Amino acid sequence: HYYVCLGAAGGKEWKVNMEDLEKILKQLYLVSGLNMSIFDINQKLLASYPHEKSKFCHEIEKNKASDHCFICDINAMNHVKETGELYVYQCHFGLSEAIMPLYSYGALTGYLMMGQAVIGTYRNYSEIINKSKPYFENEEELRQLVTNITILDKNQIYAFAHVCDICAKYISLTNRIQAKNDHLAQEIKQYLIANYSKPITIDQLCDYFFCSRGTLLTHFKSKYNTTIHKFLLDYRLKKAAELLINKKQTVKEIAYQCGFEDPNYFCKVFKKEYQCSPLEFKKKRDAQLSISFVTYVSLQSSKYLCTYHLV
């Protein structure tokens with residue numbers, strides 16, 4: 001297999017199995033008749049089928065109108081980056097395209113793009129020709145290029161786009177675009193820390209990071225020498241202890257805030273970790289703080305009295 005390494009995508013290096021990806025793109029092209037391309041998150045083209053752009057797009061680029069296309073693509077990529085969902089849109093010249101996200105272990109690594117087609121009938125060609133006229137000297141040549149673009153109805157465009165989206169999910173699920181250095185364990189840890197207050201299950205993590213249960217558990221245990229369950233429990237208890245010291249909330253409120261759905265279970269595991277109940281822990285800390293405050297006041301008073309006598 002032929003691999004290409006990508007640099008600086010999201011601060012990581014990624015390797016791409018070009019042979020596998022091009023096979024998938026070719027199959028999609030043969031089914032739809034539409035150009036298929038894969039870009040990384042920095043808008044760099046990684047693979048495409050056919051390898052050449054459509055004749056219309058090639059001429060548009062040659063005639064220095066590609067800035068319009070670039071802006072449309074960037075906006076589409078940003079939309080997908082925010083939503084994480086398939087997006088069907090029209091380019092500056094009125095051609096319909098679709099874009100969908102690609103992931104590796106939950107990290108956005110690129111985009112699968114489908115294009116270009118005309119929605120409607122032959123009458124819709126005239127709209128595209130009118131928008132493109134400023135960039136062509138020969139209107140007859142322009143007309144020939146535009147009328148060679150595939151015409152589809154709206155339902156066909158969305159049907160093909162959804163088929164591509166299924167393939168994009170397959171590429172993500174099988175991690176066809178892989179991290180050169182495996183960051184999966186770090187990504188899981190960051191996710192747990194950011195979402196500890198919410199319900200988290202292993203199945204949810206597998207779905208989020210597009211990997212199997214075995215891969216998820218093995219990578220994390222190998223990196224941190226603990227299980228995901230133990231790490232999450234310890235982190236939640238640590239955050240709960242901080243809240244018990246610094247906040248005037250009830251034990252029940254703190255339990256829910258730290259991701260424990262059952263306050264009784266929270267009290268049980270907290271006692272096992274700290275050798276006292278959450279309420280006892282809070283009282284002890286409050287007492288220690290009170291003693292520290294009294295000691296501080298006494299010391300300040302002594303200093304004041306010494307200063308007073310010296311004067």
Side-chain angles (χ1 to χ4, degrees), residues 9-14 41 77-87 100-111 165 168-175 177-274 278 281-282:
K12 304 169 189 173
E13 287 189 332
W14 306 91
I41 58 174
M77 288 177 182
N78 287 336
H79 178 86
V80 168
K81 187 176 181 180
E82 291 176 9
T83 64
E85 297 177 353
L86 161 70
Y87 180 47
M100 50 241 50
L102 297 171
Y103 298 94
S104 179
Y105 297 123
L108 181 68
T109 55
Y111 309 93
D165 194 37
K169 286 180 169 61
Y170 167 77
I171 292 170
S172 296
L173 187 61
T174 54
N175 296 294
I177 303 177
Q178 299 176 1
K180 186 179 178 184
N181 298 311
D182 193 352
H183 291 268
L184 177 58
Q186 294 176 19
E187 298 283 352
I188 297 169
K189 181 181 176 182
Q190 291 171 7
Y191 181 90
L192 296 176
I193 290 172
N195 297 279
Y196 75 92
S197 61
K198 305 170 186 175
I200 297 174
T201 67
I202 297 299
D203 287 341
Q204 286 174 341
L205 292 174
C206 289
D207 289 342
Y208 184 84
F209 290 103
F210 292 100
C211 64
S212 68
R213 190 182 186 91
T215 298
L216 188 88
L217 300 176
T218 302
H219 277 66
F220 194 87
K221 181 71 180 290
S222 176
K223 176 74 174 179
Y224 297 110
N225 198 32
T226 187
T227 65
I228 290 175
H229 173 77
K230 185 69 167 62
F231 175 85
L232 182 59
L233 178 62
D234 288 348
Y235 190 81
R236 283 171 167 169
L237 290 174
K238 175 189 169 187
K239 300 304 289 186
E242 291 174 3
L243 291 175
L244 286 166
I245 294 170
N246 301 316
K247 302 289 183 180
K248 292 183 179 181
Q249 295 170 287
T250 66
V251 170
K252 190 175 182 179
E253 288 171 340
I254 289 173
Y256 289 139
Q257 191 171 333
C258 292
F260 293 96
E261 297 180 0
D262 183 357
N264 292 327
Y265 173 72
F266 164 65
C267 292
K268 180 181 177 181
V269 293
F270 189 94
K271 188 170 184 178
K272 185 176 180 180
E273 178 69 20
Y274 292 100
F281 180 88
K282 185 174 178 61

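Position 1 is the first residue of the sequence; numbering continues from there. Fair warning: this is a prediction, and the values are worked out from it, not measured in the lab.
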Short side-chain to backbone donor-acceptor contact, Gln204 and Thr201, under 3.5 Å: yes
For Ala241 against Phe281, the heavy-atom pair lying closest together: O-CE2, 3.7 Å
Nearest-0.5 Å distance, CG of residue Leu217 to NE2 of residue His229: 12.0 Å
Side-chain (Lys282) to main-chain (Leu244) donor-acceptor, under 3.5 angstrom: yes
Tyr111 to Ile41 - nearest heavy-atom pair and separation: CE1-CA, 4.0 Å
Shortest non-hydrogen contact from Tyr196 toward Arg236: O-NE, 2.8 Å
Closest contact, heavy atoms only, Met100 versus Val80: C-CG1, 4.1 Å
Lys/Arg N to Asp/Glu carboxylate O, Asp203 vs Arg213, below 4.0 Å: yes
Ser172 side chain vs Leu102 backbone, donor-acceptor pair below 3.5 Å: no
Minimum side-chain heavy-atom gap Phe260-Leu233 below 4.5 Å: yes
Salt bridge Lys230-Asp234, side-chain N to carboxylate O under 4.0 Å: yes
Side chain Thr218, main chain Gly214, donor-acceptor under 3.5 Å: yes
Lys198-Asn195 side chain donor-acceptor pair, cut-off 3.5 Å: yes
Note, Val251 side chain near Cys267 side chain (heavy atom, < 4.5 Å): yes
Check against side-chain contact (heavy atoms from CB on, under 4.5 Å), Ile193 and Lys189: CA-CA 6 Å; Ile193 290 172; Lys189 181 181 176 182; 4.0 Å; yes
Min side-chain heavy-atom separation Cys258-Leu243 under 4.5 Å: yes
Nearest heavy-atom neighbours spanning Pro101 and Gly84: CG-O, 3.6 Å
Contact summary for Phe266 and Ala255, nearest pair of heavy atoms: CD2-CB, 3.5 Å
Value rounded to 0.5 Å, distance of CD1 in Ile254 from NZ in Lys248: 13.0 Å
Parallel, tilted or perpendicular: ring planes of Tyr224 versus Phe220, cut at 30 and 60 degrees: tilted
Gap separating the CD atom of Gln257 from the CD atom of Glu253, nearest 0.5 angstrom: 8.5 Å
Working for side-chain contact (heavy atoms from CB on, under 4.5 Å), residues Ile200 and Leu205: CA-CA 7 Å; Ile200 297 174; Leu205 292 174; 4.0 Å; yes
Check: Ile228 and Ile188 side chains under 4.5 Å, non-hydrogen atoms: yes
Test item: Glu82 side-chain N/O and His79 main-chain N/O as donor-acceptor pair under 3.5 Å: no
Pair Tyr235-Leu192, side-chain contact (heavy atoms from CB on, under 4.5 Å): steps then yes or no: CA-CA 9 Å; Tyr235 190 81; Leu192 296 176; over 6 Å; no
Ring centers of Phe209, Tyr103 separated by less than 6.0 Å: no
Flag if over 12 foreign heavy atoms under 6.0 Å of CG, Asn225: no
